[in-house]
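Single-structure report; data block below.
Every chain is numbered from 1 and lettered A, B, ... according to where its sequence line falls, protein lines coming before strand lines.
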Number of protein chains: 2
Amino acid sequence: MSDTAPRPTLEAVAARAGVSRATASRVVNGGDGVREPLVARVRKAVDELGYVPNQAARSLVTRRHDAVAVVIAEPETRVFADPFFALQLRGISKELTAHDNQLVLLLIEGRDDHARVGRYLAGGHVDGALVFSLHLDDPLPGLIQHAGVPTVFGGRPGWSDGKGGPVYVDCDNRDGARTAVRHLVGLGRSRVAHITGPLDQTSAADRLDGFRDVMTDVDPRLIVESDFTPAGGEQAMRELLDRRPDLDAVFAANDLSAAGALRVLRERGRRVPEDVAVIGFDDVGPVAEQTDPPLTTVRQDIEEMGRLMARLLLGRLDHRGGGETAGNLVSTENLRIVGTGENSEGAPSGVVLPTTLVRRASA
Amino acid sequence: MSDTAPRPTLEAVAARAGVSRATASRVVNGGDGVREPLVARVRKAVDELGYVPNQAARSLVTRRHDAVAVVIAEPETRVFADPFFALQLRGISKELTAHDNQLVLLLIEGRDDHARVGRYLAGGHVDGALVFSLHLDDPLPGLIQHAGVPTVFGGRPGWSDGKGGPVYVDCDNRDGARTAVRHLVGLGRSRVAHITGPLDQTSAADRLDGFRDVMTDVDPRLIVESDFTPAGGEQAMRELLDRRPDLDAVFAANDLSAAGALRVLRERGRRVPEDVAVIGFDDVGPVAEQTDPPLTTVRQDIEEMGRLMARLLLGRLDHRGGGETAGNLVSTENLRIVGTGENSEGAPSGVVLPTTLVRRASA
DNA sequence: GCACGGGGAGAGAGCGCTCTGGCATCAGGA
DNA sequence: TCCTGATGCCAGAGCGCTCTCTCCCCGTGC
């Protein structure tokens, strides 16, 4: 059982088909420049022997791996409480498998993991990397740049690489926040509070900016920095109610913290949305639909963002295949392309997807 | 940027250290049989050049990949709504990285994906596989067995491979269910209902068995088959209330469906736990803690199960390293080992972890 | 009819590594 | 002193594949 029959080699296929190894290789890799009868013979031999190319041998010479690393930095345990990453992973996986690429998952839990991941990427095991949830002080971008691995970031990074900017995919956080807050204002609410995410992440900072765009001259006591978790949302909500018992709306920076806020509101006897209207951000199904009342929230197409990241990365890897640009990589309808053409391949440095407000019962 | 300096080879390291490639290789791989001064010189050269072994070249000759596939079969969209898999992934990732193994994630979404995964596993890209959430009719086990890849299953598979049984890790579903139901009975409830999971999965079937162990002669109308989702839980709860409006307790086969049931109960004006006591299963934090009221549930250490799966698999891969058995692979305290010694390596065919009841407010 | 060109196939070199012999070198016993 | 047996290192083969280079064969043009 542990010793299965040795796998057939290309040599064996060639012998069976009565051709040279080179011809067999050509057929296996697409069959250009080989005449039909030989192609058929080789194909037949491949099927009969159950030949599968040895990826290690192939990589050794081509220096390609057809594998992409997905790096998720997870300083806290947050990642896995939030379906957000799971959805992105799904989008990524779909796109990668559609292009015969493998997904190597690298989870960063502790400080030394950064070094490990850096070493892995530098080791040239993968052709590229998709990197998530960076904080501003994260050492990872430096390691990646040093490793020289083509990378696409999930969420706008808060720094520049001096070459036209890192390539990333994000949703329009600021505009989404504006839409949410405008909706609250349109409901006649004037004392709108904001529970932020960790402000060292651009998504949280951008949402705060959007909030401020609409709520100019807001009472600073109506803004509490939190951490995207339900528990953090609870705590922030308590603080807000203590500071400004008269608040009549809350915009939480994500659904998870909105769920925490809802619980505290109920606990304190505030009716939602009658007394306090609540809006979240993300629209991650299991959370937003299951709260009481169901959460009005800003929707971003998370899975699509994952898919887009993968597509963008694969496009960059294909530069040998000749100049793909954003235009044919991604359907440009409905999305904004930022900083086009600065970097060497003429690819966009950022792709920003629109958001939509999903009305449920909480606002 | 796309063309970085060529990575240093072992040859370069050897040259710099003034030794042969073979000696350099020995040092890189542990350094046995090389005298100290040479070891130091090689190490120094490695550091100075920033040498990282080329995994492809290494795999080509060793036939090892130091990579493990994690296969998640996800016929519905369920996987990603449920933090369950995320937690297992985390445990697996920790254990794998601790042993310098990579995690290749294979998601199965549609029917043809089975073939793709089967081909990948047969292609010898990974040393082993961890496989999840199999349904009884799943073609995957057959493909895996055919591919001859060492595999550990998450959750007891519902079939046998005729060699002492497939190796798996599971929690004691049946006993957990018994504990839950006994707790409800101990609370004075006599009309206990059960919302099952999909009964083609052993976890759901085992929990039902445990329910029946305690509720002998139960009214069949008190049992509704569901699907582990919140929406399914809602529907099941409605059906139960219609059939038996007098029910006074519900044991849901997982937390997600319990959350759905709670919502319906509230909607129908039943107080929890006063009118109806509710218990879930899994104790996945974000769900169980965030329901209203917080959910009493059966806890299984999901992350530890993941870790155990990885450890078990790595142990099986290490048979060349000389007969590891369950005893030193896993701490045997608190866990049950099933069907020991039937298969060739004397490894356990199943490892079953205990569950504990976590009391919160719902029962 | 002969030179020439182009396309299709094969031979062979290597990708970077591990690992098996085999050859020194040195210690210890006769 | 010579032989034996470790011990430590090197030389070289080869893992399975791709890809260039070369050769051959056939069709074409003058």
Side-chain angles (χ1 to χ4, degrees), chain A residues 3-43 45-46 49-67 100 122-125 127 320-321, chain B residues 3-43 45-46 49-67 100 122-125 127 320-321:
Chain A
D3 284 290
T4 52
R7 293 182 29 219
T9 70
L10 191 57
E11 185 83 50
V13 172
R16 187 179 190 99
V19 300
S20 74
R21 218 171 48 240
T23 300
S25 175
R26 277 187 207 104
V27 172
V28 168
N29 291 294
D32 292 347
V34 181
R35 261 174 310 197
E36 189 41 48
L38 286 198
V39 171
R41 254 159 61 202
V42 173
R43 291 253 158 83
V46 165
L49 293 171
Y51 170 76
V52 185
N54 180 320
Q55 187 61 40
R58 179 180 277 176
S59 293
L60 183 57
V61 36
T62 59
R63 280 130 201 295
R64 305 182 77 250
H65 300 84
D66 296 320
D100 273 319
H125 302 258
D127 301 325
R320 44 207 119 182
Chain B
D3 284 289
T4 51
R7 292 180 32 218
T9 71
L10 191 58
E11 185 83 49
V13 171
R16 188 179 190 97
V19 299
S20 75
R21 220 171 46 243
T23 301
S25 174
R26 273 189 215 103
V27 172
V28 168
N29 291 294
D32 293 347
V34 181
R35 263 175 308 196
E36 190 41 49
L38 285 198
V39 171
R41 254 158 62 203
V42 173
R43 292 252 157 83
V46 166
L49 294 170
Y51 171 76
V52 185
N54 180 320
Q55 186 61 40
R58 179 179 277 175
S59 292
L60 183 56
V61 36
T62 59
R63 278 130 202 296
R64 307 182 77 249
H65 300 84
D66 297 319
D100 272 320
H125 301 259
D127 300 325
R320 46 207 115 182

In whole angstroms, the gap separating P of C:dC17 from CZ of B:Arg21 amounts to 9 Å
To the nearest angstrom, the CZ-P distance between B:Arg58 and C:dC15 comes to 19 Å
**Asked** OP1, OP2 of C:dG16 versus side-chain N and O of A:Arg63: anything below 4.0 Å?
**Response** yes
*asked:* Any side-chain N or O of A:Ser20 below 4.0 angstrom from OP1/OP2 of C:dA9?
replied: no
Whole-Å distance, A:Asp32 CG to D:dC19 P, equals 12 Å
*Within a strict 4.5 Å, meaning less than it, do heavy atoms of the A:Val13 and A:Thr9 side chains meet?*
no
Is there a donor-acceptor contact under 3.5 Å linking the side chains of B:Arg58 and B:Asn29? yes
Among the nucleotides D:dC9, C:dC17, C:dA9, whichever has the atom closest to the side chain of B:Val34 is D:dC9
> Within the pair B:Ser25 and C:dT18, is there a side-chain N or O less than 4.0 Å away from OP1 or OP2?
Replying inline: yes
Rounded to whole Å, the CG-P distance (A:Asn54 to C:dC17) equals 16 Å
Among D:dC15, C:dC17, D:dC17, the one nearest any side-chain atom of A:Tyr51 is D:dC17
Its contact letters, B for base, S for sugar-phosphate only and - for none at protein heavy atoms under 4.0 Å, make nucleotides 20-25 of chain D read B-----
When rounded to whole Å, the CD to P distance for the pair A:Glu11 and C:dA11 reads 10 Å
### Message
Just so I know, are the side chains of A:Asp66 and A:Asp100 near enough to count as touching, which here means a heavy-atom distance under 4.5 Å?
### Response
no
B:Leu60 atom CG is separated from D:dT18 atom C1', nearest whole Å, by 12 Å
Item to check | Below 4.0 Å: OP1/OP2 of D:dT18 and any side-chain N or O of A:Asn29 | outcome: yes
When rounded to whole Å, the CG to C1' distance for the pair A:Leu38 and C:dG8 reads 9 Å
Practice item. Answer yes or no: does a side-chain N or O of A:Arg35 lie under 4.0 Å from OP1 or OP2 of C:dG8? Key: no
